[in-house]
Amino acid sequence: MSSPDSPLVRVTHARGVTTITLDSPHNRNALSQRLMRELLDALAAAGADDAVRVVVLDHTGPVFCSGADLAETAAAAASGQMPAALLGDVLAAVASCPKPVVAAVRGPARAGGLGLIAAADLAVCDQAATFAFTEVRLGVVPALISATVLPRLSPRDAARYYLTGDVFAGARAAQMGLVSTAVPGDELDAVVKAWCESLVRGAPAALATTKQLLRRRPADTVEAEVAHLSEISLRFFGSPEGREGVAAFREKRDPAWIPPA
């Protein structure tokens with residue numbers, strides 16, 4: 001058994017990929033304040049490290065994340081000091097990380113854990129994993145996680161599962177868009193590996209700006225939108241990355257940003 005001082009989030013690195021592992025299986029990787037602070041630190045370090053090209057969010061134990069640490073939340077509610085803002089910081093840190101974030105969901109996720117999955121750019125789950133927005137059954141509201149979850153779901157799917165709290169499985173999560181794909185558990189690592197191999201082939205600044213592009217709100221007019229997107233396109237074609245990418249393509253070689261094997 002790990003000691004009380006053992007990290008709740010563990011970090012490893014390999015060929016441009018940083019794996020951040022939730023390692024609090026004793027409480028089903030619940031989002032305690034300590035775990036969230038450690039996760040924020042790990043994300044900040046990965047985002048600032050030029051050697052990191054991709055972030056994989058993984059977990060130990062059978063449960064990806066059970067949501068809020070209810071024991072901690074009950075104590076906080078009694079004192080009037082709820083840690084909700086910290087969860088908002090975590091979701092924002094995942095969504096705004098300049099590196100692509102891949103969630104590897106090997107087991108069930110509930111409530112806030114679904115917000116974490118939705119914040120990731122790509123997510124693969126074991127098709128046997130289960131999911132549920134359990135908040136209303138606890139007398140609370142899935143408010144903060146809506147910032148990342150609702151853009152992934154159709155209004156009908158959101159209403160069905162937010163209001164009922166019903167459990168759904170991996171295939172349905174993929175159909176809804178909560179995860180990118182659901183596969184048999186023994187195929188999950190291969191999917192993560194293939195995605196990471198593809199992602200490290202992307203230029204770092206181009207990936208970071210493409211992430212922003214995918215999440216931005218369009219301008220009010222078509223003219224303003226075209227002007228903004230044209231500026232981005234022209235800027236990158238003339239950038240050092242753009243010039244190196246075109247040169248590498250013509251010379252049939254890997255561009256300089258791809259990590260060595």
Does the side chain of Leu57 come within less than 4.5 Å of Ile117's, by heavy atoms? no

CG-CG distance between Asp69 and Leu35, expressed to the nearest 0.5 angstrom: 9.5 Å

Which heavy atom of Gly165 sits nearest a heavy atom of Ala132, and at what distance? O-CB, 3.9 Å

Taking the hydrophobic residues Ile, Leu, Val, Met, Phe, Trp and Tyr, and joining any pair whose side-chain heavy atoms are under 4.5 Å apart, which ones share a cluster with Val56? Val17, Val54, Val102, Leu122, Val124, Val183, Leu188, Val191, Val192, Trp195, Leu199, Val200

Backbone N or O of Pro100 within a donor-acceptor pair of the Lys211 side chain at under 3.5 Å? no

Among Ile, Leu, Val, Met, Phe, Trp and Tyr joined by side-chain contacts under 4.5 Å, find the other residues sharing a cluster with Ile258 and list them by chain and number. Trp257

Looking at every non-hydrogen atom in both residues, tell me the closest pair between Gly88 and Leu144 and how far apart they are. N-CD1, 3.9 Å

Flag side-chain contact, heavy atom, 4.5 Å: Pro184 against Gln127: yes

About how many Å separate CG of Asn27 and SG of Cys65, when rounded to the nearest 0.5 Å? 9.0 Å

Distance-only polar pair, side chains of Thr130 and Arg110, donor-acceptor under 3.5 Å: yes

Set out, in order, the CA-CA distance, both residues' side-chain angles and the distance that settles side-chain contact (heavy atoms from CB on, under 4.5 Å) for Thr209 and Ile232, then state yes or no. CA-CA 9 Å; Thr209 300; Ile232 294 173; 4.1 Å; yes

So, Asp23 side chain and Val9 main chain: donor-acceptor pair closer than 3.5 Å or not? no

Within 6.0 angstrom of Arg156 CZ, more than 12 heavy atoms from elsewhere: no

Which pairs with one or both residues in residues 128-153 pass salt bridge (Lys or Arg N to Asp or Glu O under 4.0 Å), sequence neighbours excluded? Arg137-Asp166

Let me see the working for Thr21 and Asp58 under side chain to side chain donor-acceptor pair (under 3.5 Å), right down to the final yes or no. CA-CA 5 Å; Thr21 302; Asp58 209 330; 5.3 Å; no

Would you name the heavy atoms of Val94 and Ala120 that are closest together and state the gap between them? CG1-N, 3.7 Å

What residues, two or more places apart in sequence or in another chain, satisfy side-chain contact (heavy atoms from CB on, under 4.5 Å) together with Glu231? Arg235

Would you check if the side chain of Glu38 reaches a backbone N or O of Leu8 as a donor-acceptor pair within less than 3.5 Å? yes

Does Leu163 form a side-chain contact (heavy atoms from CB on, under 4.5 Å) with Val136? I'd like the steps, not just the answer. CA-CA 7 Å; Leu163 295 174; Val136 293; 5.5 Å; no

Is it true that Leu207 and Val52 fall in one hydrophobic cluster, defined by side-chain heavy atoms closer than 4.5 Å? no

Take Arg15 and Glu197 through the test salt bridge (charged side-chain N to carboxylate O under 4.0 Å, His left out) and record every step on the way to the result. CA-CA 9 Å; Arg15 196 175 179 258; Glu197 289 174 349; over 6 Å; no

ring-ring contact (aromatic ring centres under 6.0 Å, His included) contacts touching residues 233-256 (sequence neighbours left out): none

By ring-ring contact (aromatic ring centres under 6.0 Å, His included), Tyr162 pairs with (sequence neighbours left out) Phe133

Of all residues at least two apart in sequence or in a different chain, which pass the side chain to side chain donor-acceptor pair (under 3.5 Å) check with Asp126? none

Check Asp189 with Arg106, please: is the shortest side-chain N to carboxylate O separation under 4.0 Å? yes

Show the nearest heavy-atom pair for residues Cys97 and Gly47, with the distance to one decimal. SG-CA, 4.4 Å

Would you compute the distance between atom CE of Met36 and atom CG of Leu91 and round it to the nearest 0.5 angstrom? 9.0 Å

Please walk me through it: do Leu178 and Phe168 pass side-chain contact (heavy atoms from CB on, under 4.5 Å)? CA-CA 11 Å; Leu178 180 65; Phe168 54 97; 4.0 Å; yes

Qualifying ring-ring contact (aromatic ring centres under 6.0 Å, His included) pairs, either residue in residues 50-72, two or more places apart: His59-Phe64

Looking at CD1 of Ile145 and CG of Leu87, how far apart are the two atoms once the value is rounded to the nearest 0.5 Å? 8.0 Å

Looking at every non-hydrogen atom in both residues, tell me the closest pair between Gly115 and Val149 and how far apart they are. CA-CG2, 3.8 Å

Side chain to side chain donor-acceptor pair (under 3.5 Å) partners for Arg201, two or more places apart: Asp254

Checking Leu31 against Val90 for the side-chain contact (heavy atoms from CB on, under 4.5 Å) test, could you report, in this order, the C-alpha distance in whole Å, the side-chain angles of both residues, the deciding distance, and whether it holds? CA-CA 10 Å; Leu31 296 169; Val90 168; 5.6 Å; no

So which heavy atom on Ala182 is nearest to which on Ala174, and how close? N-CB, 4.0 Å

Checking one residue: Val246. Which other hydrophobic residues are in its cluster under the side-chain 4.5 Å linking rule? none

Who else is in Val63's hydrophobic cluster (ILVMFWY, side-chain heavy atoms under 4.5 Å, direct or via others)? none

Spacing of CZ belonging to Arg172 relative to CG belonging to Asp157, to within rounding of 0.5 Å: 4.5 Å

Rounded distance [0.5 Å steps], CD in Glu225 versus CG in Leu229: 4.5 Å

Can you sort out the partners of Asp41 under side-chain contact (heavy atoms from CB on, under 4.5 Å), two or more places apart, ordered by chain and number? none

Between the side chains of Asp121 and Arg215, is the shortest nitrogen-to-carboxylate-oxygen separation below 4.0 Å, so that they form an ion pair? yes

Using modelled atom types and a 3.5 Å cut-off, is there a donor and acceptor pairing between side-chain atoms of Glu72 and backbone atoms of Gln33? yes

